[in-house]
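Structure first, then comments.
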Amino acid sequence: MRNQQSKLLIIGVLVVAGACGALVSSLTLAPIFPFFRGNSLGTLPGTVFHPAAFTHWPPEPESAPMSAVFNFTFVPWFRSVAPYIHKFRNQTFVVGVCGEAIAAGKLPHIAQDLALIQSMGVKIVLVHGFRPQVNEQLKAKGHAAKYSHGMRITDEVALDSAQEAAGQLRYEIEAAFSQGLPNTPMAGSTVRVISGNFITARPVGILDGVDFKHSGMVRKVDTGAIGRVLDFGAMVLLSPFGFSPTGEAFNLTMEEVATSVAIALQADKLIFITEIPGIRVKPLEAEGDNNPIDTELPLAAAEQLLATLAPGERPTDTAFYLQHCVKACKAGVERSHIIPFAIDGSLLLEIYVHDGIGTMVVDEKLENLREATADDVGGILQLIEPFEKDGTLVKRSRTEIERDADHYTIVEHDGVIFACAALYPYPEGKTGEMAALTVSPQSQSQGDGEKILKRIEQRARAAGLQSIFVLTTRTMHWFIKRGFVQVDPEWLPEARKRKYNWDRRSQVLVKKLA
Ligand SMILES: CC(C)(COP(=O)(O)OP(=O)(O)OC[C@H]1O[C@@H](n2cnc3c(N)ncnc32)[C@H](O)[C@@H]1OP(=O)(O)O)[C@@H](O)C(=O)NCCC(=O)NCCS
């Protein structure tokens, strides 16, 4: 789940920015925050959108000079990033960039973003791929690229080509990190890039009668040496090469090197910058408005999905990067990401924006987030009862909860339920109500509320819903910070409106699902 550990507060910033937009009502934010447009945020507590406003989401700010809004937007935005800068300081990220990204001319911006992230105290190991570059060298030599089992067969010519491609790419990457022209994002940056023989390799050998020659697999990662380079404040740059104790060079894959290094270092994140946008909610169906990128895949769900997919042999196969993310997560790397190089700034958007932009596979083994069963009814009642008594939640009977048990999602640890929420779909309005969101008082502020919200969002998406809504009397700000906007109760689907308690005067908040 995208919880407070990994996702940034820019969402909160945008709320503030939206607030400023409302205050300085004749301004346009788009020139300052191009990403502001299209984000389902941007309202002040107390700013109520009429249902009609929902035909355009979000409501369009009017236009005016940029300078008037700058202070109101920049300062809160920058301050709100601070907790995440503190959070990620001294963490280790292993970033694998596919060769296609470099071939597509994305290196300068990726280097700028990595330099920025590193300057905020993150230790970075960068692994580059070189598939297209090696193929280009092979073509120049009049030699065909040969693959089997999704791996390159590295004969003598291919090994030469790989060495030439790696040399050229290292040179280009070092050059990109050496930029520092005034008035560019790299001005004043001092990124030292250190490469080396950190990987010991072994040959792939002969598989099903196919001799892979100089193609290899990672045998060992020199974590001590990599750690010392990172502690020295440098960025580690690895090419997909490893050497055997006999001094023989082996051509590896970027994905395997990045995954092995992340596991060996027990990195905080493994991030693949790839030619695919991430994993879709319905992975086997075509992209479309009702098949967005699944921003967060729990490890168990990712494993299940992988089991249903054909082996990932080409980088565009759904299983290709996913298999490495799952492997890393299972081996202790809590979060692995697949993000697109096609979107400028995708690294920053994935790391510092609440919902991210690609897919994050996350290991949730520490506690059990799951759908409830009839056996959980007692625990749910025990959890929500105090909040019903103090009026935070509407009273629900045992019979009602027993009937609706499968609508509930819970966080359970050692048989105790610590958090819950229910999703009641209103398919006619393509929306659903998230009800009874509760986290036990002793485990509040640890991200469980957000985890449950994310799971409810996933369930809603899977049910084909386009938004979720909540009715709340006391928790409005919590929801606004997480992308909800207030609407008039008239907005509610007819069936829900009929049950709306006008005396309780609950506020209605809606979140559009990406
Ligand atoms: C609201 C609630 C579900 C949040 O769960 P949680 O696990 O504590 O939430 P998270 O850990 O994801 O987020 C914690 C943050 O939310 C803030 N928060 C908690 N309750 C809040 C509220 N009522 N209004 C605004 N912010 C709130 C915390 O201060 C904390 O902020 P910080 O990270 O800046 O310190 C939980 O506080 C709760 O169960 N409250 C009582 C029941 C309730 O109000 N349910 C909503 C019914 S509509």
Side-chain angles (χ1 to χ4, degrees), residues 1-16 19 41 43-46 76 79-88 296 352 354-355 362 364 366-369 379-396 401 407-413 416-424 432-458 460 468-487 489 492 496 499-501 504-511:
M1 311 306 300
R2 302 222 163 192
N3 61 21
Q4 88 280 16
Q5 292 183 331
S6 68
K7 289 290 131 191
L8 281 202
L9 204 49
I10 288 179
I11 219 157
V13 178
L14 294 177
V15 171
V16 178
L41 295 174
T43 179
L44 256 186
R79 281 182 185 148
S80 70
V81 175
Y84 299 94
I85 296 175
H86 299 313
K87 169 80 197 161
F88 294 138
E296 196 165 331
Y352 298 111
H354 183 268
D355 281 333
V362 61
E364 281 171 344
L366 297 178
E367 74 241 305
N368 197 354
L369 178 76
I380 294 173
L381 274 167
Q382 215 173 347
L383 176 68
I384 64 178
E385 205 175 31
F387 296 103
E388 290 177 345
K389 278 199 175 131
D390 76 5
T392 308
L393 298 179
V394 177
K395 176 100 186 103
R396 285 170 178 80
I401 297 177
H407 292 258
Y408 281 78
T409 295
I410 57 164
V411 174
E412 179 227 301
H413 188 62
V416 178
I417 296 176
F418 281 91
C420 73
L423 175 69
Y424 290 95
E433 176 176 7
M434 180 170 70
L437 170 68
T438 314
V439 175
S440 78
Q442 74 264 35
S443 56
Q444 285 181 8
S445 287
Q446 292 171 29
D448 283 344
E450 182 136 340
K451 272 184 197 164
I452 290 262
L453 166 63
K454 290 290 168 194
R455 176 58 70 93
I456 292 284
E457 287 178 15
Q458 273 176 356
I468 54 170
F469 66 89
V470 290
L471 269 63
T472 180
T473 50
R474 302 186 192 178
T475 321
M476 186 180 173
H477 289 216
W478 191 87
F479 290 109
I480 286 183
K481 206 165 154 184
R482 284 153 184 86
F484 285 76
V485 292
Q486 192 182 356
V487 293
L492 289 169
R496 184 62 181 89
K499 288 189 281 177
Y500 181 81
N501 181 343
R504 192 170 154 87
R505 295 182 53 208
S506 301
Q507 286 150 339
V508 182
L509 296 152
V510 188
K511 180 170 185 182

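Whatever order the structure lists ligands and atoms in, that order sets their numbers, starting from 1. Index from 1, following the sequence.
- Closest non-hydrogen pair, L383 versus F418, comes out as CD1-O, 3.8 Å.
- The two atoms that bring L437 and L393 nearest to each other are O-CD2, 4.2 Å, heavy atoms only.
- With L509 as reference, I480 is the one residue of I480, T475, L471 to meet the side chain to side chain contact (heavy atoms under 4.5 Å, CB included) rule.
- R455 places no side-chain N or O within 3.5 Å of a backbone atom of K451 that could act as its donor or acceptor partner.
- When the shell of 6.0 Å around CD of Q382 is examined, it contains 12 or fewer heavy atoms from other residues, nucleotides or ligands.
- The two atoms that bring M434 and A421 nearest to each other are CG-CB, 4.1 Å, heavy atoms only.
- Of all atoms in ligand 1, numbered sequentially from 1 with element shown, those under 4.0 Å from a heavy atom of K481 are 34 (O).
- Contact annotation: for R482 versus ligand 1, heavy atoms closer than 4.0 Å belong to the side chain alone.
- Any N or O atom pair closer than 3.5 Å counts here, and W478 shares at least one such pair with ligand 1.
- An N or O contact shorter than 3.5 Å links T475 to ligand 1 by distance.
- At under 3.5 Å, not a single nitrogen or oxygen of F387, backbone or side chain, sits near a nitrogen or oxygen of ligand 1.
- Remark: distances from the non-hydrogen atoms of M476 to ligand 1 are all 4.0 Å or more.
- On a distance-only criterion, T472 and ligand 1 share no N/O pair closer than 3.5 Å.
- Proximity to R474 (heavy-atom distance under 4.0 Å) selects the following atoms of ligand 1: 23 (N).
- With a 4.0 Å heavy-atom cut-off, ligand 1 is reached by the side chain of L393 but not by its N, CA, C or O.
- For the pair Y352 (side chain) and I85 (backbone), a donor-acceptor distance under 3.5 Å is absent.
- Heavy atoms of V470 stay at 4.0 angstrom or farther from ligand 1.
- Residue contacts with ligand 1: S445 is placed with a nitrogen or oxygen under 3.5 Å of a nitrogen or oxygen of the ligand (distance criterion only).
- Partner E388 forms a side chain to side chain contact (heavy atoms under 4.5 Å, CB included) with one of I384, T392, D390 and no other, that one being I384.
- Geometrically, ligand 1 and G449 share a nitrogen or oxygen pair separated by less than 3.5 Å.
- Nearest-residue assignment for atom 11 (O) of ligand 1 (options A421, A435, G447, A419; heavy-atom criterion): G447.
- Where the criterion is an N or O separation shorter than 3.5 Å, residue side chain and backbone included, L471 fails it with respect to ligand 1.
- Within ligand 1, the atoms closer than 4.0 Å to a non-hydrogen atom of E450 are 12 (O), numbered from 1 in the order shown.
- Evaluated by nearest non-hydrogen atom to atom 43 (C) of ligand 1, the leading choice among T438, I384, T392 is T392.
- At least one donor-acceptor pair closer than 3.5 Å links the side chain of Q444 to the backbone N or O of V439.
- Atoms of ligand 1 lying under 4.0 Å from any heavy atom of L437, numbered from 1 in the order shown and given with element: 3 (C), 42 (C), 43 (C), 45 (N), 46 (C), 47 (C).
- Here the shortest heavy-atom pairing between H407 and Y424 reads ND1-CD2, 3.8 Å.
- The environment of R505 atom CZ is sparse: at most 12 non-hydrogen atoms of other residues, nucleotides or ligands sit within 6.0 angstrom.
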